[in-house]
Amino acid sequence: MAAILSPVFLPGMMVLLVSGCLIGCDALGISKRENKTEPDLVLCYGEVNPEGHIMTDSAKFFADEVERLSEGRIVVEIYPSGQMGDDQQCYRAMQMGSLDLYRGNSASLAECGSPMISALALPYIFRDREHFWKVCESELGQKILDDIEVSAKGMKGIAYLDEGARNFFTRERPVTRIEDMKNLKIRMQLSGLMEDTVAALGAKAVPIAYVELYTALQSGSVDGAENPPVSYFYNRFYEVAPYYVKDGHTYAPGVILISEITWDTLNEEQKQTILEAAQLTQAYNRAEIERADRQAYQALEKAGVKILELEDPEAWSAAVEPVYQKYGAQFLDLIEQVQKMR
């Protein structure tokens, strides 16, 4: 792989990326790999969630499979906890070739053009987990994944990941009715679709960096946010926002992405290794996510979190119709195919 130099800012320092990997990874204390035979290729993979999270575990599984399948010739270094930046920073880094791999999601990818996958971030489009995987593992799902390379530019989708349904959580009072959302300041990722979803439900979307969310909740800068149960637990948001309502407003697929610049430098054997490892990771993630969700809910209940159900789910679904009109108009056939899939 040709060397690519690009500045990356980490707290208190600037370092350079070479061939997509940080100089001095070991010095930063984030390389977990012991010295073995020197690999032919080292790739960097970014993840916003911390150690122990199902998405980080899936990234590590991917790295292990790449190393196993390549017999140590390819090594993937994992950078969790947002060390490589948030979604949009990492997408730009991949487009420039200064980051090799990242776990993106369909909601934030909507900001990178108009990829078909953004339709899968529409609120309440999936009935449940079974429906989610029925779509993702179908021919339609593969078509949507392939479209990322065409529509999002600079990135290639190589596998789906399930992080769980996203639910709202709040600081000071429970939310069970749509009226309870009125005027709440809810932190959302930088996504017009997600911001409009929150607005349609009566709240005000506040874009705050994920790494700043805990402090924002603690200080009262926001009244709440939304996350799948595993993310809510592992990021310890329950400590400052103990009301969690299972509304399932979004079941946006996660996606393992690889930079097109990185991809184009790989030979055919290396590409096949990456693709095979990605498919094995998708299967691993599907097998593990239900266990991860279950354990997260058990731990949250033990911690005293108030886990709530909606009183009027039909009212929530009806309220987001304007979001479909705004963001789904160009994907009407796709949305119909998804909703009809059994």
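- Between the side chain of E260 and the backbone N or O of K153 there is no donor-acceptor pair closer than 3.5 Å.
- Listed here is the closest heavy atom pair of I54 and A292: CB-CB, 4.1 Å.
- Taking 4.5 Å as the limit, some side-chain heavy atom of S81 sits within range of a side-chain heavy atom of P50.
- V211 shares a hydrophobic cluster with no other residue; no ILVMFWY side chain has heavy atoms under 4.5 Å from its own.
- With a 4.5 Å cut-off on side-chain heavy atoms, D312 and I178 count as touching.
- With values rounded to the nearest 0.5 angstrom, L213 atom CG is found 11.5 Å from Q189 atom CD.
- Applying the ring-ring contact (aromatic ring centres under 6.0 Å, His included) test to every pair with at least one member in residues 259-308, sequence neighbours left out, gives these pairs: F61-Y284.
- For the pair N167 and E226, the minimum side-chain heavy-atom distance is 4.5 Å or more.
- Looking only at side-chain heavy atoms (C-beta outward), V76 and E67 stay at 4.5 Å or farther from each other.
- How far CG of L120 is from SG of C136: 6.5 Å, rounded to the nearest 0.5 Å.
- Not one N or O on the side chain of S151 forms a donor-acceptor pair closer than 3.5 Å with the backbone of G113.
- The shortest distance between side-chain heavy atoms of D293 and P229 falls below 4.5 Å.
- Linking ILVMFWY residues whenever their side-chain heavy atoms come closer than 4.5 Å, directly or via other members, leaves I258 and L69 in distinct clusters.
- S118 places no side-chain N or O within 3.5 Å of a backbone atom of S114 that could act as its donor or acceptor partner.
- E137 CD to F132 CZ: the interatomic distance, rounded to the nearest 0.5 Å, is 9.5 Å.
- Going from atom NZ of K326 over to atom CD of E321 covers 14.5 Å, rounded to the nearest 0.5 Å.
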(request) Determine, step by step, whether D40 and I74 satisfy the side-chain contact (heavy atoms from CB on, under 4.5 Å) criterion, reporting the C-alpha distance in whole Å, the side-chain angles of both residues, the deciding distance to 0.1 Å, and the verdict. (result) CA-CA 6 Å; D40 298 333; I74 307 175; over 6 Å; no
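- Contacts classified as ring-ring contact (aromatic ring centres under 6.0 Å, His included) and involving residues 149-203 (residues at least two apart or in different chains) are given here: F168-H249, F169-Y232, F169-F237.
- When all heavy atoms of T265 and I261 are compared, the pair lying nearest together is CG2-O, 3.2 Å.
- Residues E269 and R73 are paired through a salt bridge, judged by an N-O separation under 4.0 Å between the basic side chain and the carboxylate.
- V255 and V150 are not part of a single hydrophobic cluster, where members link through side-chain heavy atoms under 4.5 Å apart.
- In this structure, Q270 contributes its side chain and N267 its backbone to a donor-acceptor pair below 3.5 Å.
- Follow the hydrophobic side-chain contacts under 4.5 Å out from V75 and you never reach L280; the two are in separate clusters.
- Partner Y238 forms a ring pair (Phe, Tyr, Trp, His ring centres under 6.0 Å) with one of Y243, F233, Y244 and no other, that one being F233.
- Under a 3.5 Å cut-off, the side chain of D128 and the backbone N or O of H131 do form a donor-acceptor pair.
- Although no hydrogens or angles enter the test, the distance criterion places a donor-acceptor pair under 3.5 Å between the side chain of E111 and the main chain of G192.
- A salt bridge does not link E179 with K182: none of the charged nitrogens is closer than 4.0 Å to a carboxylate oxygen.
- By the 4.5 Å heavy-atom criterion applied to side chains, M94 and Q89 are not counted as neighbours.
- Of the listed residues (N235, T56, N227), just one forms a side-chain hydrogen bond (donor to acceptor under 3.5 Å, both in side chains) with N49, and that residue is N235.
- Y102 and D87 form a side-chain donor-acceptor contact under 3.5 Å, judged by distance and modelled atom types alone.
- Under a 3.5 Å cut-off, the side chain of N105 and the backbone N or O of P253 do not form any donor-acceptor pair.
- Side-chain atoms of D147 do not come within 3.5 Å of backbone N or O of P115 as any donor-acceptor pair.
- Taking the six-membered ring where the residue is Trp, F126 and Y251 present perpendicular rings, their angle passing 60° and hence far from 30°.
- Inspection of the S231 and E163 side chains reveals an N or O donor paired with an N or O acceptor under 3.5 Å.
- Neither Y327 nor L332 shares a network with the other; the hydrophobic side chains, linked directly or stepwise wherever heavy atoms of I, L, V, M, F, W or Y lie under 4.5 Å apart, form separate groups for each.
- In this structure, I148 and L257 have side chains that are in contact, with non-hydrogen atoms separated by less than 4.5 Å.
- Remark: the backbone N or O of D162 is paired with a side-chain donor or acceptor of N285 at under 3.5 angstrom.
- A salt bridge links E47 with R103: the closest approach of a Lys/Arg side-chain nitrogen to an acidic carboxylate oxygen falls below 4.0 angstrom.
- In terms of heavy atoms, R171 sits closest to V240 at CG-O, 3.6 Å.
- Under the 4.0 Å criterion applied to side-chain N and carboxylate O atoms, K143 and E139 are not assigned as salt-bridge partners.
- Going from atom OG of S108 over to atom CG of L193 covers 11.0 Å, rounded to the nearest 0.5 Å.
- Remark: D180 engages R177 in a salt bridge, criterion side-chain N to carboxylate O under 4.0 Å.
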(request) Please test Q295 against R291 for side chain to side chain donor-acceptor pair (under 3.5 Å), starting from the C-alpha separation and ending with a verdict. (result) CA-CA 6 Å; Q295 290 182 347; R291 176 194 58 78; 2.9 Å; yes
(message) Checking S259 against Q95 for the side-chain contact (heavy atoms from CB on, under 4.5 Å) test, could you report, in this order, the C-alpha distance in whole Å, the side-chain angles of both residues, the deciding distance, and whether it holds?
(response) CA-CA 6 Å; S259 164; Q95 290 167 339; over 6 Å; no
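- Classification of E276 and R68 as a salt-bridged pair fails, no side-chain N sitting under 4.0 Å from a carboxylate O.
- Atom CZ of R236 sits in a sparse spot, with 12 or fewer heavy atoms from other residues, nucleotides or ligands closer than 6.0 Å.
- The nearest pair of heavy atoms linking A119 to I125 is O-CD1, 3.3 Å.
- By the neighbour-count criterion of 12 heavy atoms within 6.0 Å, atom NZ of K204 is sparsely surrounded, having that number or fewer from other residues, nucleotides or ligands.
- Between atom CD of residue Q272 and atom CG of residue L266 there is a gap of 11.0 Å, rounded to the nearest 0.5 Å.
- Put simply, the side chain of L140 reaches to within 4.5 Å of the side chain of V338, judged on heavy atoms.
- Cluster membership for L275 and L145, using ILVMFWY side-chain heavy atoms within less than 4.5 angstrom, is shared.
- Contact record, A59 with I78: O-CD1, 3.6 Å, taken as the closest heavy-atom pair.
- The existence of a salt bridge linking D223 and R187 is excluded, since no basic side-chain nitrogen approaches an acidic carboxylate oxygen closer than 4.0 Å.
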(request) For the pair L310 and K246, evaluate side-chain contact (heavy atoms from CB on, under 4.5 Å) and give the outcome as yes or no after the intermediate values. (result) CA-CA 7 Å; L310 293 183; K246 296 165 69 175; over 6 Å; no
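- Among all heavy-atom pairs drawn from G104 and Y91, the shortest one is CA-OH, 3.4 Å.
- Counting only N and O atoms by type, the side chains of Q298 and R294 include no donor and acceptor under 3.5 Å apart.
- Side-chain atoms of R173 never come within 3.5 Å of backbone atoms of T170 as a donor-acceptor pair (strictly under, hydrogens ignored).
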